[in-house]
There are 2 protein chains.
Amino acid sequence: MAATIKDVAKYTGLSIATVSKYINGGRVLEKNKVLIDEAIRVLDFKINEMARGLKTNRSMTAGILIPSLENIFFTSIVSNVENILLQNGYSSIVCDYRENPELEKEKLDFLISKMVDGIIMVPHGSNSAYIQQVVEKGIPVVFIDRHLKDVHCDVVLADNINASYDAIEQLIVRGHKRIGIICGPKNIFTTEERLKGYIRAHEDYAVDIDKKLVLFGNYDVESGYRMLNRLMDVKKPPTAIFVTNYEMTLGAVMAINERNIKIPDQISLIGFDNIQLARIVKPSLSIVVQPMKEIGEKAAKILLSRLNKENQGSPAVNRLKTELLIKESVKSFID
Amino acid sequence: MAATIKDVAKYTGLSIATVSKYINGGRVLEKNKVLIDEAIRVLDFKINEMARGLKTNRSMTAGILIPSLENIFFTSIVSNVENILLQNGYSSIVCDYRENPELEKEKLDFLISKMVDGIIMVPHGSNSAYIQQVVEKGIPVVFIDRHLKDVHCDVVLADNINASYDAIEQLIVRGHKRIGIICGPKNIFTTEERLKGYIRAHEDYAVDIDKKLVLFGNYDVESGYRMLNRLMDVKKPPTAIFVTNYEMTLGAVMAINERNIKIPDQISLIGFDNIQLARIVKPSLSIVVQPMKEIGEKAAKILLSRLNKENQGSPAVNRLKTELLIKESVKSFID
DNA sequence: TGGCGAAAACGAAACGTTTCGTTATTAAAA
DNA sequence: TTTTAATAACGAAACGTTTCGTTTTCGCCA
């Protein structure tokens, strides 16, 4: 049906080898160049990627694996990753594992069975050993958002500690002394980092931490909702709350709406990730914004450099600065 | 490096053909079955999909093409499509075209160059002829969300007319007489349908339409913002507004917040698509919810049935029911 | 025991490329 | 003109499968 390189060779009178050479950027006499171009146009020749892949052992495809396709933080990163990859001739197979470690393994296998040349992923955290095996097979892996100590691969993430530190600092300088935090699940990298920033800010400003105000959710809407309620039910509730990801911020806002709590008079709130949220919630929500575009692009570029063997160095941790938007949702107790 | 079918053959003492037959579900003596299984396990044999694809001319991959990966309505559908496909041994390559018709073409080409067996897409609307060519090549295409008259392929969409009709009807029976609508871009399928429902409801209830209250946006946040402002600046502003997609609903809410307009006292609002939005906006937002899960699954199943040649019939239009949630954002003028 | 037929196994070609080692062509140098 | 060196083109093998037509095996019945 479709024209093959053989047809192009026949049309031009050249050998298959020459045509192949030209297609792959090799030097060819000017007149042959013209001739081949003509043949390709006339015959509507398209290279057969499967045949090529069979020979080269490369699929020119990267795997992208994220916890959820319904989380705009991740999909927005994916969009940017894809764009860079595409510009460099790579396509991507996108999968989500629905926050399920079992599925994470499966989809990882799946990607490998599709012979992806490299992988960009947001790891769940409980499959370190398995992922390390993949790395050892020689498949470049780049982590996004989360870092696993026992996997030796590049990683791109937001500067969580400072992000969190800055947010808490702003609350403290505005006179807040009882600050609640809704963290992610324990043992997850970002949870630990964001909590670290919270603690450090308290230490630096010599503000005591009430352990009752440090709660752990699951990074999902429902747990944000539940944890906010729990915080408000503490005997002496906090005057401000910091929620450490987008979904939980959603949940927290829902809970606040339901309880008819006034922001910022009854509670100050700083959320995470989604800049649009800031303008939808009323009064406008203060928020820590991660640089999704930069994260995605950085990860893609690192993967590409590994794929081209430009970068053979040992894995690096790349931290990208976040932005803190303080809006109306934060009350100041100072004059 | 990796074991091939040849190695398996050698290990078992059988021929390549026999091993291949077994791998593909053919009958083999029980003892050989056991033997091959052992070999596969010991050698860690994985089939080379490129070699297989070269022979079979099938990649077991579907292309998914959507306007934006940053729109949760689409990504949520993608997630569900992927799940069904994966269960049936198909992987998917997901692309977005960033609402850009040129890019739509490019990415379509890209998917085809990747030799996808079929395509599920949300068409932009301006590349009908081009897509029709793809269909004529014999590549099954399934449209989601939008229907293009001059492309002969299956399509899965929400019952937009009734969705819109029901929303407007609820406003009318609550006593609203001046109802604004923020439509999508002209000439887009969903725009027309949603507008049709608006008109029909007015007709059925004998309410006049003021053309000044019918505005067209671009289905993006910014245009929702702008159009809401424009509606409120009409000399005699509407008492209710229906916004016809998620992004524009976001924009509309932002504008309302900025202008400090009170919902529902000064304006009643019905939005679209995202059920979470309902609970985040205060007072809680009324909303038309599309069945994302069902849409995705239906589309995937249709594609699969085409790929297996189970379904050779002519293209069908599948309409799925939407849900209307009336919350606090709608005021009633009737006691 | 010999012959038969079904079931299982086999051999080899083919899919469309890339690539390596070799040969042909060309232009400049001798 | 002949030689040389560089450049371009070529032929053929190989990548790991599937598949088709053929051969082998084996149990069963006459």
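Here the structure is a predicted model, which means the values were calculated and not measured. Throughout, protein chains are lettered first and strands after them, A, B, ... in sequence-line order, and every chain is numbered starting at 1.
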S.K.: In this structure, how many angstroms lie between the C1' atom of C/dT19 and the CZ atom of A/Arg58, rounded?
M.R.: 14 Å
S.K.: More than 12 heavy atoms of other residues, nucleotides or ligands under 6.0 Å from NZ of A/Lys33: yes or no?
M.R.: no
S.K.: Is there a donor-acceptor contact under 3.5 Å from the side chain of A/Asn127 to the main chain of A/Tyr130?
M.R.: no
S.K.: Taking the nucleotide of DNA chain D with the closest heavy atom to each, which residue, A/Val28 or B/Lys31, is nearer the 5' end?
M.R.: A/Val28
S.K.: Could you run through nucleotides 10-18 of chain D and give me one letter per nucleotide, 5' to 3': B if any protein heavy atom sits under 4.0 Å from the base, S if only the sugar-phosphate is that close, - if neither?
M.R.: BB--BBBBB
S.K.: What pairs of residues pass the salt bridge (Lys or Arg N to Asp or Glu O under 4.0 Å) test when at least one of them lies in residues 102-116 of chain B, not counting sequence neighbours?
M.R.: B/Asp96-B/Lys107
S.K.: Which atoms form the tightest heavy-atom contact between B/Met50 and A/Glu49, and what is the distance?
M.R.: CE-O, 4.0 Å
S.K.: For B/Leu320 versus B/Ile295, what's the shortest heavy-atom pair and its separation?
M.R.: CD2-N, 3.6 Å
